[in-house]
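Right, one structure below, let's go through it.
For the numbers below, each heavy atom of this structure counts, side chains included, while hydrogens, waters and symmetry mates do not. Protein chains get the first letters and strands the later ones, always in sequence-line order, with residue 1 at the start of each.
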Amino acid sequence: MEMQKNYNPQEFEGRIYKDWEEKGYFTATPNDKKIPFTIVIPPPNITGQLHIGHALDETLQDSIIRFKRMQGYEALWLPGTDHASIATEVKIVEMLKSEGISKEELGREGFLKRAWQWKEQYGGRIVEQLKRLGSSCDWTKLAFTMDERCSRAVREVFVNLYEKGLIYQGSKIINWCPCCKTALSDAEVEYSEEDSYFWHIRYPVKGEPDRFVVVATTRPETMFGDTAVAVNPNDDRYKDLIGKTLILPLVNKEIPVVSDDYVDLEFGTGCVKITPAHDPNDFEVGLRHNLEVIRVMNDDGTMNELSGRYNGMDRFECRKRVIEDLNYIGLLEKFEPHKHNVGHCYRCKNSVEPIVSKQWFVKMEELAKPAIEVVKNNSIKFTPERFTKIYYNWMENIKDWCISRQLWWGHRIPVWYCPDCGEVMVVKEDPTSCRKCGSTKIYQDEDVLDTWFSSALWPFSTLGYPEMTPELKYFYPTDVLVTGYDIIFFWVARMIFSGLEHMKRIPFKSVLIHGIVRDDQGRKMSKSLGNGIDPLKVIDEYGADTLRFSLLSGVAQGSDIRFSKEKCESSRNFINKMWNASRFVLMNAEGIEVLPLEKCKLNVCDKWILSKLNSCIKNVTLSMEKFDLGVALSEVHDFMWYDFCDWYIELTKTALYGENQVVKQNTVSVLIYVLSETLKLLHPFIPFVTEEIYQNLPNTTQSIMVSQYPKYNTRKTYKKDLEKMNSVMDIIKAVRAIKVQTGAPNSKKVDLLVVTNNQKLVKDTQNYIQKLAGVNEIKFVSSKQEINEKVVSQILNGFEIYIPLGELVDISKEIERLKSELQSVEGEIARAEGKLKNEGFISKAPKNLVDAEKQKLEKYLGLKAKIMLNLKEYES
RNA sequence: GGAGGCGUAGCCCAGUUGGUCAGAGCGCUUGCUUGACAUGCAAGAGGUCGAUAGUUCGAGCCUAUUCGUCUCCACCA
């Protein structure tokens with residue numbers, strides 16, 4: 001099979017993926033002879049399609065799972081999608097709106113029908129996109145957070161927690177989104193600083209004309225819900241007011257003045273209006289003082305009948321009107337600009353209202369303790385480690401989790417009420433009648449669960465929980481969870497306490513945190529900026545491997561990465577380089593029987609590249625084990641390009657273009673071996689192209705996907721040959737440099753005079769020196785003095801090389817170079833001497849270091865002498 | 001208010017436990033169609049590692065302070 005000149009991914013990526021899939025390579029089954037390695041995918045939301053951030057997440061996971069699979073683990077990457085309750089519902093409502101329908105018009109049943117259609121469409125699309133990325137997911141286990149399996153798990157968990165008293169219903173202050181008309185958990189609120197005003201309002205004191213208490217507020221529209229004004233008990237200004245009664249303006253309601261430590265003397269006026277129904281702190285104050293909780297706002301953000309004449313008005317309109325009216329009646333003392341943080345719904349971005357509402361909660365205190373413990377005792381490790389602090393911070397200050405949502409798309413809360421006898425049934429199977437009185441009029445709770453309630457169970461619900469299936473037994477706990485730092489609270493933390501509570505075991509051993517993908521200017525990708533990158537377009541243009549390479553190259557754990565066209569291009573260039581190197585190897589291997597390495601006679605170059613390969617394997621494996629994929633990738637990249645292509649391939653040309661068939665066969669065999677091993681190292685990162693090339697190698701019998709990952713072998717490091725080749729390479733580089741610096745034409749071949757006591761090495765490798773450095777004839781001389789003509793020189797470690805000037809034109813440049821070299825050598829000498837003169841260094845530094853320094857000094861002194869000698873000669 | 005990240009070549013970033021680590025890529029300069037590759041090859045230029053002080057025989061790496069920048073958490077009405 002003929003390889004094309006340039007790498008062209010479109011030709012093979014689709015075909016290869018299909019082939020893998022058909023052969024069943026992605027499927028993992030419990031196997032006692034193998035060790036399991038499991039990753040569950042962070043299920044993408046079915047709200048739309050995959051973005052570049054997903055591509056990063058999936059590429060990391062796929063690379064890890066492919067690595068482990070090749071290492072011989074029973075590697076399972078379990079795929080799936082998330083119903084994303086509120087996010088999807090928002091999208092569907094938008095879609096309906098464009099059709100001119102509201103969700104209420106459609107009704108719950110009709111709405112859910114549309115939602116499932118949506119799920120089919122977008123869920124399917126996401127799966128296709130994952131496949132195009134090359135994801136080696138076990139599709140036979142594809143899950144969805146609302147499928148039968150996961151729903152059963154949700155039901156089981158809810159009932160268990162309820163029966164333990166860890167789920168309860170209560171009226172508390174929650175975050176309410178008036179736009180989505182649902183409660184939100186604390187984590188679902190995003191705060192941002194906004195310019196507003198601090199309004200100072202006079203509340204008249206009852207029975208004392210012209211006396212006012214001035215309260216400062218940012219939310220005057222909630223004043224109708226005020227049930228007290230609080231002052232600090234130690235505030236001398238207001239001591240006499242405590243216990244008195246105030247008249248709430250505009251509605252002329254009587255409210256007391258209470259004292260509470262919560263009030264800060266320094267802030268505002270020192271008097272705080274207390275609105276228990278609309279502020280979390282006020283709610284607490286209200287509890288302490290037994291205050292009435294008066295809710296003045298409707299679910300949609302309009303004012304209700306308790307707000308008097310403002311009834312029905314939107315909250316912001318009401319704020320404006322209240323201020324105007326207070327001003328009109330002279331009760332607005334003043335207002336000043338004020339910046340404060342306002343909470344917004346993480347889905348629709350509208351500002352949320354703290355509101356008292358009856359909701360379902362999970363009691364967190366007991367669940368959090370063991371979840372903290374498993375991280376403290378290292379059962380679960382965060383990479384990078386600094387995220388453990390963020391985790392502790394959240395877990396240690398956690399409040400009860402509001403899990404009910406006033407939405408339709410999601411897991412409906414498994415609670416049934418009996419209107420006849422008031423029985424509440426929390427059960428695993430849908431009941432048809434009241435278990436107490438037998439009434440059939442029972443009805444189910446209208447609300448659904450927070451979408452994260454089901455995601456929290458993902459590592460075990462997908463494997464069969466509550467049933468102890470063979471899969472659950474074998475693959476749980478999973479090994480690594482790969483995700484962005486943005487969902488540590490939403491998801492990672494909740495999976496940890498859920499796993500511990502329901503499985504009695506951690507859900508995963510380590511958490512690999514990555515950052516977000518930014519654009520080429522370092523900006524976050526966003527719809528408003530329009531700077532989003534569609535991974536599919538990148539695949540269309542460059543291929544999936546290039547996309548993957550770009551995402552992985554330079555990923556440092558936990559930090560954000562930039563994505564740019566330049567990056568894509570340099571990734572593609574690398575793959576193209578590798579492609580062509582392979583093409584070279586294959587062209588030369590044609591018609592030659594490839595020998596196993598053991599039967600090859602290895603020369604110094606072969607041993608050198610094998611040693612380099614060996615240490616590359618060691619380093620790459622080490623980095624992979626640490627999930628440091630960026631480092632691992634750059635390690636193979638460097639080996640492939642700088643060692644294999646730039647040096648080894650060039651070195652083999654003397655053999656390949658020579659006449660000796662045995663040497664040729666040996667060389668081809670080594671080339672094939674090294675290439676094949678390198679392809680394996682690269683396969684987890686760029687699976688398609690490595691497979692395509694691998695299939696073209698002679699003697700390939702299987703897919704590279706299921707081949708064995710290269711292993712480090714101490715016997716395959718040839719230390720002496722490494723040293724020899726370093727010398728040879730030094731000589732070649734020196735000759736090249738001299739030629740360039742003296743302005744010799746590239747095509748011009750030069751003679752080379754060498755002073756050395758290691759003539760054998762030069763003789764053994766003279767073919768390479770001649771070919772790679774453009775050298776004509778190599779002669780040995782005993783010393784510089786023996787040379788009669790004008791030469792340019794280079795002093796190396798153990799070698800002095802001289803090139804007769806001949807027609808080489810410009811030696812002034814060489815003099816310049818020598819001078820600057822002299823300068824740096826003198827610098828080194830000064831540094832070494834300084835160190836060695838330092839008593840502290842001699843006595844306290846390790847001995848080998850001191851010795852090394854002494855040797856260095858000697859070496860540089862010798863170098864200096866020779867450089868000066870040469871300089872003197874040129875200048876004469 | 002609390003916590004954390006980052007600040008190294010023109011740009012974007014690597015630098016494991018302090019001692020050949022001052023590095024890669026892109027860009028730049030010079031020269032090359034050298035029988036795999038111009039998506040390439042060869043040779044170069046370019047940085048007092050944000051600032052200051054300290055610990056140490058020795059600091060990009062440790063400590064303190066400071067400046068700049070970004071992020072997360074809390075949310076004093």
Just the table, please: protein N/O against nucleotides 5-10 of chain B N/O, every pair under 3.5 Å.
none

Taking the C1' atom of each, how far is B:G19 from B:G5, in whole Å?
-> 28 Å
Decide yes or no for A:Ile829 and A:Leu863: does some side-chain heavy atom of the first lie under 4.5 Å from some side-chain heavy atom of the second?
-> no
Of the listed nucleotides B:A36, B:A74, B:A77, the one nearest the side chain of A:Asn341 = B:A74
Under a 3.5 Å cut-off for both distances, is B:U65 Watson-Crick or wobble paired, and to whom?
-> B:A51
Would you say the side-chain atoms of A:Lys626 and A:Thr383 include a donor-acceptor pair closer than 3.5 Å?
-> no
Closest to the A:Asp646 side chain: B:C41, B:C72, B:A36?
-> B:C41
Interatomic distance where CD1 belongs to A:Ile390 and P belongs to B:A74 [whole Å] | 12 Å
Is A:His338 close to A:Glu194 at the side-chain level, that is, under 4.5 Å between some pair of heavy atoms?
-> no
Verdict with reasoning, A:Phe644 to A:Leu671, per side chain to side chain contact (heavy atoms under 4.5 Å, CB included) = CA-CA 9 Å; A:Phe644 188 66; A:Leu671 275 168; 3.9 Å; yes
Taking any strand in view, what nucleotide pairs with B:C41 in a Watson-Crick or G-U wobble way, both distances under 3.5 Å?
-> B:G31
Output yes when A:Glu336 and A:Lys334 qualify as a salt bridge under the 4.0 Å nitrogen-oxygen rule, no when they do not.
-> yes
Give every pair of a protein N or O atom and an N or O atom of nucleotides 22-28 of chain B that lie under 3.5 Å apart, one pair per line with the distance.
residue	atom	partner	partner atom	Å
B:G25	OP1	A:Tyr642	OH	2.9

Nearest whole angstrom, please: distance from the C1' of B:C72 to the CZ of A:Phe490.
-> 12 Å
Report yes if a donor N or O on one partner sits less than 3.5 Å from an acceptor N or O on the other, where the partners are the side chain of A:Gln741 and the base of B:A42; otherwise report no.
-> no
Distance, rounded to the nearest Å, where A:Asp264 contributes CG and B:A77 contributes C1' = 10 Å
Is the ring centre of A:Phe841 under 5.5 Å from the base ring centre of B:G58, and are the two planes under 30° apart, so that they stack?
-> no
Between B:C75, B:A43, B:A36, which nucleotide gets closest to the side-chain atoms of A:Asn580?
-> B:A36
Nearest-angstrom distance, C1' atom, B:A42 to B:G7 = 35 Å
Sub-4.5 Å side-chain heavy-atom contact between A:Tyr262 and A:Asn232 | no
Look at the rings of A:Phe198 and A:His200 and say which category their plane angle falls in: under 30° parallel, 30 to 60° tilted, over 60° perpendicular.
-> perpendicular
Please give the nucleotide sitting opposite B:G10 as a Watson-Crick or G-U wobble pair, both distances under 3.5 Å, or none.
-> B:C26
A:His637 and A:Phe549 aromatic ring geometry - parallel, tilted or perpendicular at 30°/60° bounds = tilted
Short N-O contact, A:Glu541 and A:Lys565, less than 4.0 angstrom = yes
Using purine N1 to pyrimidine N3 plus N6-O4 or O6-N4 for Watson-Crick, or N1-O2 and O6-N3 for G-U wobble, both under 3.5 Å, which nucleotide pairs with B:A77?
-> none
Which residue, A:Arg219 or A:Ala556, contacts RNA chain B at a nucleotide closer to its 5' end, judged by nearest heavy atom?
-> A:Ala556
Taking the P atom of each, how far is B:A64 from B:U30, in whole Å?
-> 49 Å
Provide the distance between the two C1' atoms, one in B:A74 and one in B:C62, to the nearest whole Å.
-> 32 Å
A:Phe574 atom CZ is separated from B:A36 atom P, nearest whole Å, by 19 Å
Given atom CH2 of A:Trp491 and atom P of B:C72, what is their separation to the nearest angstrom?
-> 20 Å
Out of B:A43, B:A77, B:A36, whichever nucleotide has its closest atom nearest the side chain of A:Val263 | B:A77
Among B:U39, B:C73, B:A36, which is the nearest nucleotide to the side chain of A:Met587?
-> B:A36
Consider the side chain of A:Tyr657, meaning its heavy atoms from C-beta on, and name the nucleotide among B:A77, B:A36, B:U39 that approaches it most closely.
-> B:A36
Looking at B:A36, B:G4, B:C73, which one has an atom nearest to any side-chain atom of A:Lys389?
-> B:G4
Base-pairing mate for B:C21 - Watson-Crick or G-U, with both contacts under 3.5 Å = none
Looking only at side-chain atoms of A:Arg583, point me to the closest of B:A43, B:A77, B:A36.
-> B:A36
Would you mind classifying the nucleic acid contact of A:Phe387 as base, sugar-phosphate or nothing, using non-hydrogen atoms under 4.0 angstrom?
-> nothing
Against the side chain of A:Arg572, the closest entry in B:A38, B:A42, B:U39 is B:U39
Determine the contact category for A:Ile274: base if any of its heavy atoms lies under 4.0 Å from a base atom, sugar-phosphate if only primed atoms, P, OP1 or OP2 are that close, otherwise nothing.
-> nothing
How long is the line joining CD1 of A:Ile649 and P of B:G35, in whole Å?
-> 15 Å
A:Glu190 and A:Tyr346 side chains, donor-acceptor separation under 3.5 Å = no
The side chain of A:Arg562 lies closest to which of these nucleotides: B:A36, B:A77, B:C13?
-> B:C13
Strand partner of B:C72, provided both Watson-Crick or wobble distances fall under 3.5 Å | B:G2
Verify whether one side chain among A:Glu385 and A:Thr388 offers a donor that lies under 3.5 Å from an acceptor in the other.
-> no
